[in-house]
Amino acid sequence: MLDVLNPPQRDAVLHGEGPLLILAGAGSGKTRVITHRIAHLVRAAGVAPDAILAVTFTNKAAQEMRERVEKLLGYSAGRIHLGTFHAICARLIRRHADALGFKASFSIYDSADQLALVKQVMKDLNVNAERFVPAAVHAAIGRFKQDLLDPKQVVVDGRDVFAQVAARVYESYQIKLKEANALDFDDLLNFAVRLLQEDAALRARYNEAWEYILVDEYQDTNKAQYAFLRLLTERRHNICVVGDDDQSIYRWRGANLQNILDFEKDFQGARVIKLEQNYRSSENILSVAHNVISRNVGRKAKKLWTDAEAGERTIVYAAETEKREAQFVADEIAALVSHQGLSFGDIAIFYRTNAQSRPFESQFVLSNIPYTIVGGLRFYERKEIKDILAYLRVLLNPGDEISLQRIINVPRRGIGDETVGKIRGVSLQRRLPFWEAMREAMRLKALSIAAAGRVGDFLELVGSLRETASTMTLAQLVPMVIEKTGYWAMLNAEGTEEAKDRIENLQGLVNEVVEFARVYGEDATLDNFLERASLASDVDEFSESRERVALMTVHAAKGLEFPAVFLTGMEEQLFPHSRAMDAPEDIEEERRLAYVGITRARRRLYLTLARSRMVFGQTKATRPSRFLGDVSPSYLDDRSAIPFRAAGPSGGFRFGARQLGATRFGSGEEAFDGDGEPSYEPTYDAETGEAASPFQPGMKVFHPSFGVGKIVSIVGQGEEAKVTVLFPGAPMKKIMARFLQPVN
DNA sequence: CATCCTTATTTTTTT
DNA sequence: AATAAGGATG
Ligand SMILES: Nc1ncnc2c1ncn2[C@@H]1O[C@H](COP(=O)(O)OP(=O)(O)OP(=O)(O)O)[C@@H](O)[C@H]1O
């Protein structure tokens, strides 16, 4: 079992008790180490499987890890606690729901449900939705939650009207959630933390039960997840985390890079093991990745090396339009499959935003290339699926007001806004849950006779569904709901192409349920199924074994690997994305994202872009991504009609390009800084591809009077370049390049 | 209350 | 370009 590991990997697997950090670059076998360590703990160290808690980033990763551990052990690893943070927390809360004042049948609200609830609360509080955008309020609430603040703990600046409104909405929002017996995504983590914080006995129990804790992708954990781990490792300190600071790509969602950077401080006596040999990629691909990532400041330096051969150079292609880009990709795929012995399943297309998949889809249909889209509009997020799931949720959890209101008039049954408004009035006035308010509104004659009749019919429908539900299996229940609610009839009557698609999706849902019932047997309950549907991740539905080209965002590609990768849309404003260009930390995250994309490739890497692209229905000229400009030409093979370097600089604009930039490329604000200097200086000169400067951000330099410091940024070129340097214990300094010397 | 037509708005990334 | 939201009409 150990002979498929290199010495540091083996050390990590054999490590006994105490905290362990495995800090390692892409493709160095981190996931393999976790898997082997679990198997080792069970088989060699005699640890009981159910004393192990292992956390992965996606359900799919959990599933795979379970399979691999089972393969290593040679028997079922069913009792190992293995899942995402959200899944593990949901199960924990379900088991101890009453301690938190919830029922085990709680609903889990996704972002759309959350936003609907925010809107409703704002209406109830008479908050002007024009002045305060519900989505912004929702985001603010999300930030409170990410800081683990409950409504009572929120302190806002008295002059900040928006923050005050957000805090008020937050308070009612939480009350509403509780009344609906519902938790949102963040609550799953926060309430699990609260549960362990407040109940010392319970905390002790889980500290005892979970002897060994292992966490994959630790660089993307957030504050709540960190708190959760702290609480579980109070007694024992057997926590093993694995991660790569260069692959942290969820800062925007609250992930805290500090978690991994401070691990040694947080967990006293931690052992650190670095893995530096890459087993995934050719040397050239690693070099490209290194060129891109090394411009980030404040990363933990890591060397990555490989035994693999240099391999092919990375092919760059700048197409005229996004359609041409897709055409090029399709032609290359056809060539790879017919001449290079690759199969469709070996190939992946990555992009920054989901919307970019369109041109590829159309082209692949034309070129007869089988493909599958991972993520995007998730299966469980489709309207028809959400509607049926809402019915199921209401059956299980009558208090679920958001679901109830979602389906009260779907299919149309004549219960419109007016009637719903009246019922909500009664609900608010009498402090009754919505479903009880329906009956009460009828009793009070608050509704017209016709409306009351229709509400009565609806109540009867739900009542009878609920009654029958208790007598059947899940696999019988779901088709019955689709039928009895009139949903099927509604779609059938429409007869459009779209309606046919929806019927097909519903059939897909039924198949899903049947499969779920088959796999989980006794455990295939409605609440388990709904939980799974709520917590599904984008990549879960992706199967490598299918012989199809995979299309996905770079985010979704995290942790995967493919023999051939196309990283597309390598354009400034798109990748890095325009919405992530304000703060330097945002751009650093974009750069890490590019690094993640590049390092998914084993043998062949393509970097493509379109010189012009349709955005919001308008064609816009683009410029090559700064990330391209940071790659040494010696690793690249530019196949474009006009090589990307010849067609103008990547990244921000330069002096000569000003007119072009200002007139043709939008506002130009992002590209120029104050005095018209280019805001971005690629590592390799735009036209010639020669190294632009001996200095690069992140590099250590020596200055005769200030000593050794670290370069933050560079403006200009050659001796006259102005270099911003951070010396320890001093404010940032701008210094002419000729006064600085590189330090090794 | 439902439907049709006009209009604003969108695209970051997701457990 | 595609879709959601808003508004007028039957
Ligand atoms: N000791 C080894 N010998 C041979 N191959 C290995 C070894 N360790 C790992 N590999 C292979 O290297 C590849 C990357 O491994 P793994 O996915 O575990 O890396 P990782 O560090 O989790 O990567 P990333 O962080 O980029 O997702 C896999 O194909 C794996 O099979």
Side-chain angles (χ1 to χ4, degrees), chain A residues 55-62 83-90 108-112 114-115 119 129-130 133-135 142 145-146 183-190 217 220-222 224-225 248-255 322 350-359 362 374-378 380-381 383 408-422 447-448 450-451 454 498 531-540 552-558 569 573-582 586-587 589-590 592-594 596-597 613-620:
Chain A
V55 189
T56 58
F57 202 72
T58 62
N59 300 295
K60 175 168 181 275
T84 64
F85 274 107
H86 285 87
I88 287 162
C89 289
I108 298 172
Y109 280 1
D110 68 12
S111 316
Q114 292 163 31
L115 187 61
K119 283 181 183 162
E130 307 274 275
V133 184
K145 294 197 171 201
Q146 250 144 39
L183 295 156
D184 68 18
F185 267 130
D186 295 325
D187 282 347
L188 291 177
L189 305 173
N190 290 4
E217 309 279 12
D220 272 323
T221 51
N222 65 21
Q225 293 162 347
S248 170
I249 54 177
Y250 284 97
R251 196 183 92 96
W252 54 273
R253 196 175 81 180
E322 73 272 17
F350 301 155
Y351 34 74
R352 175 68 239 268
T353 67
N354 284 304
Q356 286 165 254
S357 68
R358 283 286 170 86
S362 329
V374 181
L377 217 209
R378 297 233 251 305
Y380 290 112
E381 269 164 22
K383 211 177 299 172
I408 193 167
N409 202 28
V410 180
R412 300 260 125 95
R413 46 174 77 89
I415 306 177
D417 290 349
E418 193 69 23
T419 308
V420 170
K422 281 180 187 153
L447 308 175
S448 71
R454 293 189 285 248
E498 192 190 308
E531 176 186 301
R532 199 175 87 120
S534 299
L535 300 181
S537 39
D538 268 352
V539 290
D540 292 354
M552 67 189 90
T553 63
V554 190
H555 281 91
K558 170 163 156 167
Q573 311 290 310
L574 187 59
F575 199 4
H577 197 274
S578 55
R579 307 262 284 237
M581 301 255 261
D582 304 331
D586 291 341
I587 297 191
E589 180 146 307
E590 295 287 301
R592 292 194 291 268
L593 193 55
V596 168
R613 182 177 292 272
M614 185 95 95
V615 184
F616 296 147
Q618 276 188 314
T619 302
K620 285 232 161 80

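The structure displayed is predicted, hence computed values, not measured ones. These values consider heavy atoms only, across backbone and side chains, with no hydrogens, waters or symmetry-generated copies. By convention in this document, chain letters (A, B, ...) are assigned in the order of the sequence lines, proteins followed by strands, and residues within each chain are numbered from 1.
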**Student:** Think A:S578 has a side-chain N or O under 4.0 angstrom from the OP1 or OP2 of B:dT11?
**Tutor:**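 Negative; the distance criterion is not met.
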
**Student:** Just checking A:S111: base, sugar-phosphate only, or nothing, at a heavy-atom cut-off of under 4.0 Å?
**Tutor:** base

**Student:** Would you mind telling me which residue lines up with the more 5' stretch of DNA chain B, A:R413 or A:V615, judged by nearest nucleotide?
**Tutor:**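 On the 5' side of the pair lies A:R413.
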
**Student:** Just the endpoints, please: which first and last nucleotides of DNA chain C, 5' to 3', lie under 4.0 Å from a heavy atom of chain A?
**Tutor:**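 Reading along DNA chain C, I get C:dA1 to C:dA2.
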
**Student:** Side chain of A:T553 only, please: which of B:dT15, B:dT11, B:dT13 is the nearest?
**Tutor:** B:dT13

**Student:** So, using salt bridge (Lys or Arg N to Asp or Glu O under 4.0 Å) as the criterion, who are the partners of A:E589 when residues are at least two apart?
**Tutor:**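 So A:E589 forms a salt bridge (Lys or Arg N to Asp or Glu O under 4.0 Å) with A:R592.
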
**Student:** Give one of base, sugar-phosphate or nothing for A:I415, where a contact means two heavy atoms less than 4.0 Å apart.
**Tutor:**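 The residue A:I415 makes sugar-phosphate contact but no base contact.
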
**Student:** Just wondering, do A:Y250 and B:dT13 stack (centres under 5.5 Å, planes under 30°)?
**Tutor:** no

**Student:** Less than 6.0 angstrom separating the ring centers of A:F350 and A:F575, yes or no?
**Tutor:**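 Not close enough - the centres of the two rings lie 6.0 Å or further apart.
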
**Student:** How would you label the contact of A:N354 with the nucleic acid (heavy atoms, under 4.0 Å): base, sugar-phosphate, or nothing?
**Tutor:**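 A:N354: backbone/sugar contact only, no base atoms under 4.0 Å.
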
**Student:** With sugar-phosphate meaning primed atoms plus P, OP1 and OP2, does A:E418 contact a base, only sugar-phosphate, or nothing at under 4.0 Å between heavy atoms?
**Tutor:**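 Touches sugar-phosphate only.
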
**Student:** Check for me: is A:W252 stacked on B:dT13 by the 5.5 Å centroid and 30° plane-angle rule?
**Tutor:** yes

**Student:** Between A:R412 and B:dT3, is there a contact of a side-chain N or O with OP1 or OP2 at under 4.0 Å?
**Tutor:** yes

**Student:** With DNA chain B as reference, determine whether A:N409 or A:L593 sits nearer its 5' end, using the nearest nucleotide of each.
**Tutor:**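 Final value for this comparison: A:N409.
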
**Student:** State which residues pass side-chain hydrogen bond (donor to acceptor under 3.5 Å, both in side chains) with A:R253; sequence neighbours excluded, sorted by chain then number.
**Tutor:** none

**Student:** Which of the following nucleotides, B:dC1, B:dT14, B:dT13, is nearest to the side chain of A:T419?
**Tutor:**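 Shortest atom-to-atom distance from the side chain points to B:dC1.
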
**Student:** Nearest to the A:F185 side chain among B:dT15, B:dT13, B:dT11, which nucleotide is it?
**Tutor:**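 In terms of side-chain proximity for A:F185, the closest of B:dT15, B:dT13, B:dT11 is B:dT15.
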
